[in-house]
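Some notes on the structure that comes next.
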2 protein chains.
Amino acid sequence: MKKPQDKTARMTKALREGGVRVTRQREALLKVLTEAADHPDAAELHRRAQVLDDTVSLATVYRTLTVLEREGVVHRHSFESGGARFEVADPVHHDHIVDIDTGHIIEFRNDKIEELQRLIAAEMGYEIVHHRLELYCRKLA
Amino acid sequence: MKKPQDKTARMTKALREGGVRVTRQREALLKVLTEAADHPDAAELHRRAQVLDDTVSLATVYRTLTVLEREGVVHRHSFESGGARFEVADPVHHDHIVDIDTGHIIEFRNDKIEELQRLIAAEMGYEIVHHRLELYCRKLA
DNA sequence: GTTTATGCAAACTCTTTGCATGTAG
DNA sequence: CTACATGCAAAGAGTTTGCATAAAC
């Protein structure tokens with residue numbers, strides 16, 4: 001069982017070492033991000049962060065998310081509808097299943113599919129820098 | 001060698017049978033779409049369609065693309081940056097490699113990867129309705 | 001003739017930015 | 001103390017929409 005506070009501590013350390021200032025607002029956002037079990041968008045992160053610190057503005061949420069993404073501690077996804085959604089970067093890459101009826105997002109990882117992608121790209125003379133695989137699904141009866 | 005005019009003819013037929021009116025503007029857009037070897041966005045399609053019919057407005061381009069997508073003759077993609085990009089629906093599904101240096105988009109199809117996706121979804125109790133696989137790549141040296 | 005599509009401009013959503021002020025290191 | 005981060009409001013990009021007019025069937 002990984003404790004969220006450990007994650008936050010590791011993240012703030014990584015940020016400071018990257019020359020990034022850890023402000024009250026950024027601490028609030030980091031806490032909200034590490035505690036999120038879902039994939040919230042910027043507005044939702046703003047709402048959650050304001051509970052912890054009501055001075056957090058939406059502009060800062062966006063600016064901070066950009067910084068966190070650049071520092072590699074957050075991943076940005078854009079699923080089929082709506083704006084960008086965010087999650088704390090997982091050291092192990094995973095893909096997503098989107099339940100088109102409920103909107104729920106499920107993570108999965110499959111080494112075979114990762115390897116196949118690498119092979120396909122290589123056959124075409126390419127090396128994968130990053131990729132995106134989303135399965136839009138419906139629950140089986 | 002498939003002739004573009006055949007494609008357009010088939011598409012207009014499908015549209016009329018779907019109760020959709022085929023206007024001058026829609027004809028221009030269909031022609032531009034079938035002749036496109038790339039994946040243009042709405043603004044680019046607007047530019048190209050205006051060469052054929054200068055009364056085509058951007059609003060109509062958007063409205064028509066929505067109709068064409070609903071009728072199944074066009075696919076809409078949203079790659080990592082910029083707005084939506086469109087292509088005539090391919091009867092055989094394909095995925096995309098995006099060259100991150102040039103922006104070029106290459107299509108590919110791989111049955112094994114399609115099958116793997118189906119298996120993964122099934123294992124989680126899901127059936128795939130549609131999916132999206134994009135490989136953001138760099139040319140190998 | 002009816003019903004649907006169009007152009008235009010305004011509105012909308014999501015995101016970014018300029019600027020004066022605040023604050024982390 | 002100085003450089004960087006912030007809030008606010010305004011601007012931006014991409015897309016949609018209300019309305020009066022035009023045209024497909």
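Residue numbers begin at 1 in each chain, while the letters A, B, ... track the order of the sequences. Note that the coordinates shown come from a computational prediction; the quantities given were computed from them, not determined experimentally.
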For nucleotides 12-14 of chain C, which of its nitrogen or oxygen atoms have a protein nitrogen or oxygen under 3.5 Å away, and what is each distance?
none

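Ring geometry, B:H131 versus B:H93: the interplanar angle falls from 30° to 60°, so the pair is classed tilted. Note: A:H77 and A:H94 have tilted aromatic rings, judged against thresholds of 30 and 60 degrees for the angle between ring planes.
Between A:F108 and A:H96, the gap from one ring centroid to the other reaches at least 6.0 Å.
Atom CG in A:L68 sits roughly 11 Å away from atom P in D:dA5 (whole-Å rounding). Residue B:E71 contributes atom CD, which lies 14 Å from atom C1' of C:dT4 at whole-angstrom precision. Whole-Å rounding puts the A:R76 CZ to C:dT15 P distance at 7 Å. As a whole-Å value, the separation of B:H77 NE2 from D:dT15 P is 14 Å. As rounded to whole Å, 9 Å separates atom P of C:dT15 from atom CG of A:L58. Following rounding to the nearest Å, B:R16 (CZ) and C:dT3 (P) show an atom-to-atom distance of 20 Å. The interatomic distance linking B:E17 (CD) with D:dC25 (P) rounds to 13 Å, in whole Å. Remark: C1' of C:dT4 and CG of B:L15 are 14 Å apart, rounded to the nearest angstrom.
Ion pairing between B:E27 and B:R24 fails under the 4.0 Å rule for side-chain N and carboxylate O.
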Between side-chain atoms of residues 58-68 of chain A and protein atoms elsewhere (two or more places apart, or another chain), which donor-acceptor pairs fall under 3.5 Å?
from  : atom 1 : to    : atom 2 : distance (Å)
A:T60 : OG1    : A:S57 : OG     : 3.4
A:T64 : OG1    : A:T60 : O      : 2.8
A:T66 : OG1    : A:Y62 : O      : 3.0

Show your working on side-chain hydrogen bond (donor to acceptor under 3.5 Å, both in side chains) between A:H75 and A:E87 and close with a plain yes or no.
CA-CA 5 Å; A:H75 282 163; A:E87 66 178 329; 5.0 Å; no
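Without hydrogens or angle criteria, A:D41 side chain to A:E44 main chain gives a donor-acceptor distance under 3.5 Å.
For the side-chain contact (heavy atoms from CB on, under 4.5 Å) with B:L15, the lone residue among B:E71, B:R10, B:R21, B:R26 that qualifies is B:E71.
With rounding to the nearest 0.5 angstrom, the CD1 atom of B:I113 is 12.0 Å from the NZ atom of A:K112.
In the region residues 21-31 of chain A, proximity to DNA chain D at under 4.0 angstrom, judged on heavy atoms, holds for A:R21, A:T23, A:Q25, A:R26.
Toward the 5′ end of DNA chain D lies the nearest nucleotide of A:G19, the other residue of the pair A:G19 and B:A42 mapping further downstream.
One cannot find a donor-acceptor pair under 3.5 Å joining the base of D:dG14 and the side-chain atoms of B:R85.
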